[in-house]
Amino acid sequence: MIEKETLAVLRVQRARHLDIADTIDLHIAILGASASLEISVPPPPHDANERLSLGQPLLRADELSIDWTAATKFLQNLCAIFAHNYPNLATDLEEIAREFATPTATEEIVREWWIDPERKSLTSVVLYNVMRPVLSAYARAWVACVGEWQHSTCPICGGVTDFAALAVSSGARRMLCSQCNFEWDSTRVGCPFCDADQLAYFATRSGAYRLYVCDRCKRYLKTIDLRELARDANLPAERVLTIALDRAAHQAGYR
Ligand SMILES: [Zn+2]
Ligand SMILES: [Zn+2]
């Protein structure tokens, strides 16, 4: 499974990235905890082709079917993992854990989050990590439904991208969904968040990573340039390993 691969890459890379060992440890713990989640994905919607041809994602928020009791337990577990790794946030995390006291409360908050996932708060960060293994299961189960897709949001769950790769042969952009880890190729250039045609970028010293920034919507996209590397890359692991790029982008006023 892809998560196993991500876990293996993070374990190997930890020794080379001691400066961000705390972040890597957190994600190793999250992936470990998510392995206990059992997710049964329903068959794809009967009008899958129609939705995709209209540019709509396959999964709609109100159609999400998960075991809310298990999700609540997982969420409580994640709050404890976050608090263990970031003791300074422990009080806030305890408060979040209390908000999600019952399966009904979890369901309600998750559905709200889905409508506006990027409300910048700790709850949102926790929810991304709770929902990623769940939505990834949908992405794996429904991957065969998706053909050519040139939109900037995810065909599985409608999420936005937060990491991309430039392909070896063509330089085409492979997008990684921030919510479900689905990957799709896009020949589209320009900003995936607004209609701007062009993005500026800064490259790291090695040339392997780029930080694309949009001066219109002030958002950024981390990108790995596979043409510069002698290896393939596990994008979910790279998302974690490039946390320094997020910090640089935030400092420069991008979100
Ligand atoms: Zn997605
Ligand atoms: Zn933009």
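Bear in mind the structure is a predicted one, so any value in this text is a computation, not a measurement. Read the numbers this way: they start at 1 and go in the same order the structure lists the ligands and their atoms. Only this structure's heavy atoms are used, side chains among them; waters, hydrogens and symmetry mates stay out.
The side-chain contact (heavy atoms from CB on, under 4.5 Å) test applied to Ala233 returns Ile224, Leu226, Arg231, Leu235, Glu238, not counting sequence neighbours.
Taking the six-membered ring for Trp and thresholds of 30 and 60 degrees, Tyr138 and Trp142 have ring planes more than 60 degrees apart, a perpendicular arrangement.
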Could you give me the CA-CA distance, side-chain angles and deciding distance for Arg11 and Leu7, then say whether side-chain contact (heavy atoms from CB on, under 4.5 Å) is met? CA-CA 6 Å; Arg11 285 196 177 123; Leu7 201 50; 3.8 Å; yes
After noting the C-alpha distance and the side-chain angles of Asp162 and Lys222, does the key distance pass the salt bridge (Lys or Arg N to Asp or Glu O under 4.0 Å) rule? CA-CA 7 Å; Asp162 66 345; Lys222 300 192 289 184; over 6 Å; no
After noting the C-alpha distance and the side-chain angles of Tyr254 and Asp215, does the key distance pass the side chain to side chain donor-acceptor pair (under 3.5 Å) rule? CA-CA 9 Å; Tyr254 297 95; Asp215 276 314; 2.7 Å; yes
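At a cut-off of 2.8 Å, measuring from the Zn ion (ligand 1), the protein N, O or S atoms that fall short of it are Cys154 SG, Cys157 SG, Cys177 SG, Cys180 SG, waters left aside. Excluding waters, the protein N/O/S atoms found under 2.8 Å from the Zn ion (ligand 2) are Cys191 SG, Cys194 SG, Cys214 SG, Cys217 SG.
Side-chain rings of Trp113 and Tyr128 approach one another, their centers coming within less than 6.0 Å.
With a 4.5 Å cut-off on side-chain heavy atoms, Cys154 and Trp149 do not count as touching.
Under a cutoff of 6.0 Å and an axis angle of 45°, Arg239 and Phe163 do not form a cation-pi pair.
Residue pairs meeting the salt bridge (Lys or Arg N to Asp or Glu O under 4.0 Å) criterion with at least one partner in residues 30-46, sequence neighbours excluded, do not occur; the list is empty.
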